[in-house]
Amino acid sequence: MALLIGCGESSSSASPIVLIRYLNRAVDSFKHDIAHIFANIFCCKTNFDSNSRTCGNEDLQPSSFENLMTAMGEQYQLRAQNWCSKQKDFDDERDPYAVFNVLDTMLKDSLERLKMMRESISLAEIGIRGCTLEVKYAEHVYIIRDLCLVGKVEAALWLRRKMIRKGVVPDVSSYNYLLNGLCKTGNLEQADWLIREMVEMGPSPNCATYNTFIKGYCLINNVDKALYIFSTMANTGIRPNKVTCNILVHALCKKGLLDDAGKILGEILEEENDKATPDLITSTILMDGYFKNGDMVQALSLWNEMVQKNTQIDVVAYNVLIHGFCLSRHMRLAYRHFCEMLKRGLLPDAFTCNILITGLCNDGKFDEALYIHGVMARMEVAPDPISYNIIIRGLCAYGDVVRAHEFLLYMLENSIVPEPQIWNLIIDCYGRCGDLGNAFSIRDQMTAFGVLPNTFTYNALVHAQVKGGNIAGAYSLKKEMILCGLYPDVVTYNLLIGAACTLGHIRLALQLHDELLTSGYDPDIITYTELIRGHCMRGNVKEAEELFAKIEKAGLPMDHIPFKILIKTYCKMREFDMSFDLYQKYLNKDK
DNA sequence: ATAGGGTTAG
């Protein structure tokens with residue numbers, strides 16, 4: 001904190017230099033205080049003279065600004081006489097409590113002073129124009145913001161530390177950007193620490209600070225903590241605003257706690273003395289919550305209320321409504337409101353179109369979905385990756401891999417390089433219908449377009465090979481993926497284990513199972529089921545039973561398949577009693 | 001020319 005600025009010449013009026021010198025002086029005196037505190041900690045001497053502080057440079061230019069700052073400084077001077085406890089006789093007794101009281105007070109005072117100084121530095125930073133260093137630090141502030149916005153919070157924090165070391169403290173909004181960056185990456189501990197620092201040393205947090213923090217806890221699904229912070233806001237003297245309310249209402253809706261959301265909303269509206277309707281965004285959040293909870297009646301009554309009260313409904317509110325109709329498969333109503341929206345002069349955005357496309361795909365209406373997709377460009381809404389994703393996913397789910405492939409080609413012709421998922425979907429779809437040639441050629445094309453295959457890609461190919469009974473091919477794919485630096489996962493192993501079992505190679509299956517364990521994965525229900533199947537096929541019923549018991553012991557949620565396999569095996573062995581017992585067990589398994 | 005709030009696929 002040594003020097004704010006290198007230039008030493010004095011200037012004539014309330015110049016930056018005067019201010020900076022003042023601050024330097026303040027910093028020096030602060031250092032002096034801290035030294036004093038330490039001196040006291042070590043020798044427990046409490047009765048020193050309050051006027052012993054020296055102020056350093058006396059050649060400051062007189063100015064009203066300086067006077068102001070001096071006055072401010074005095075207000076925060078350490079006054080030794082105030083620190084002593086009311087007991088008069090502690091001096092010689094060395095009452096430890098008194099000493100700690102004194103030290104506490106001194107530290108608190110010092111922190112207050114530092115906070116005040118930091119705030120005045122930020123003030124100065126805004127207030128002074130034309131000082132080159134100020135410009136440099138203003139740039140730092142923008143860099144901090146930009147870094148936070150692109151998710152490089154660590155770098156932003158580093159820059160902040162660097163600035164503070166030079167004696168320039170970023171303003172509240174910069175701190176809020178930092179907090180937002182931390183909260184979005186789930187780093188709530190550091191966010192908490194940053195807020196504490198703000199409270200103690202400035203710049204003082206404002207409502208946006210707390211809103212950001214509350215939102216952060218909502219994002220990691222810790223709504224209780226969010227509500228707690230909300231409840232402590234009152235103590236800090238900052239009143240929650242509409243935004244605070246919307247964050248909490250949204251979080252509660254997401255948890256399905258619509259009643260609580262309504263209650264909170266009511267409380268806040270009451271406090272605000274605003275008996276009028278909640279604002280558009282709040283209503284939108286609530287309406288969305290009702291739709292997603294399947295309560296269409298409440299959702300629509302909220303919508304009607306908005307219409308009746310002549311609320312200026314916007315695109316997002318329409319999107320939520322249309323999405324609600326799509327969720328409940330009321331596609332005609334979705335369409336009707338889409339048209340109504342156009343008539344009102346509201347231009348649909350990518351959300352609107354994607355929502356409609358999703359609804360249509362879920363209904364198997366691909367021609368209409370593709371029509372909307374085609375219309376998007378004409379409505380000046382460029383289709384985004386999500387639009388493509390929905391359509392290709394829908395076509396694959398419907399088993400229409402040919403059209404999905406055509407659509408992929410269409411994207412490539414239009415210079416859109418799809419994300420890996422889209423390629424994987426089509427590879428998987430070809431594999432499932434036994435078209436290995438196309439599955440592999442899509443993989444090659446993917447690579448040619450610079451999109452790296454991932455574990456999912458390989459799993460789709462392994463699946464294709466396994467389906468075709470080519471276990472050697474599947475096995476060599478596993479080797480290939482390792483060579484590419486990809487790790488086989490549980491799905492890969494399950495596919496290979498399943499194939500080995502089907503072909504009766506139970507030893508190979510068990511070997512793969514061991515390999516799965518050594519790779520650090522836990523076998524899942526599919527792994528065990530495949531092994532049970534393999535053992536049963538070979539007539540190793542005892543081993544199969546042991547595995548069955550293992551699933552139960554591990555507490556893995558079991559479906560009907562392992563039961564079915566064992567029951568069938570018992571029947572084949574004419575062990576009807578055992579078969580029946582297991583069937584009984586199956587019927588009672590969830591009780 | 002300032003930070004914080006609502007909608008789409010896995």
Side-chain angles (χ1 to χ4, degrees), chain A residues 122 126 138 141-142 144-145 148-149 170-184 191 198 203 205-216 218-219 226 229-230 233 238 240-251 253-254 261 265 268 278-292 299 302 306 313-327 334 341 348-362 369 372 376 381 383-394 396-397 418-422 424-425 428 456:
Chain A
S122 351
I126 299 160
V141 164
Y142 290 118
I144 286 181
R145 295 178 182 194
C148 291
L149 290 175
D171 60 348
V172 205
S173 43
S174 300
Y175 266 87
N176 288 347
Y177 274 107
L178 282 162
L179 266 175
N180 195 22
L182 288 170
C183 288
K184 278 202 175 129
M198 288 170 80
N206 58 16
C207 196
T209 314
Y210 285 101
N211 289 346
T212 310
F213 198 37
I214 290 173
K215 174 85 181 172
C218 292
L219 282 176
I229 294 162
F230 168 68
M233 273 176 83
I238 293 165
N241 61 12
K242 259 194 241 172
V243 179
T244 327
C245 155
N246 288 338
I247 294 169
L248 290 169
V249 170
H250 185 212
C253 282
K254 215 172 163 190
L265 184 60
I268 295 177
D279 75 348
L280 172 67
I281 294 180
T282 321
S283 301
T284 309
I285 297 167
L286 273 173
M287 187 170 70
D288 186 50
Y290 283 127
F291 271 128
K292 284 177 178 161
L302 204 58
M306 283 158 77
I313 296 170
D314 66 2
V315 178
V316 181
Y318 262 108
N319 289 348
V320 168
L321 179 75
I322 293 171
H323 182 232
F325 286 133
C326 287
L327 279 180
M341 175 180 170
D349 59 10
F351 278 88
T352 328
C353 299
N354 290 342
I355 287 165
L356 269 179
I357 291 173
T358 308
L360 291 166
C361 283
N362 286 339
I372 297 284
M376 281 178 89
V381 189
D384 62 6
I386 293 177
S387 327
Y388 294 102
N389 210 320
I390 300 166
I391 290 176
I392 290 193
R393 189 174 294 277
C396 286
E419 339 173 284
Q421 291 103 302
I422 290 198
N424 292 347
L425 276 169
D428 187 56
F456 287 89

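Chain A is the first sequence line, chain B the second, and so forth, proteins listed ahead of strands; every chain is numbered from 1. Values in this document were obtained by computation on a predicted structure and should not be read as measured data.
Not counting sequence neighbours, the partners of A:Ala191 by the side chain to side chain contact (heavy atoms under 4.5 Å, CB included) test are A:Leu179, A:Leu182, A:Cys183, A:Phe213. Every side chain to side chain contact (heavy atoms under 4.5 Å, CB included) that A:Thr358 has, sequence neighbours left out, goes to A:Asn362, A:Ile390.
Residue A:Tyr388 qualifies as enclosed at atom OH: its count of foreign heavy atoms under 6.0 Å is above 12.
B:dA9 atom P lies 9 Å from atom CG of A:Asn354, rounded to whole Å. A:Phe456 places its CZ atom 9 Å from the C1' atom of B:dG10, with the value rounded to the nearest Å.
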Original post:
Reading nucleotides 2-7 of chain B from the 5' end, what letters show protein touch, with B for base, S for backbone sugar-phosphate only, - for no heavy atom under 4.0 Å?
Top reply: BBBBBB

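Base contact: A:Ile386 has a heavy atom under 4.0 Å from a base atom.
Taking both residues in full, the closest heavy atoms of A:Ile247 and A:Cys218 are given as CG2-SG, 4.0 Å, listed atom of the first, atom of the second, then distance. Across all non-hydrogen atoms, the minimal contact from A:Ala299 to A:Met287 is O-CG, 3.7 Å.
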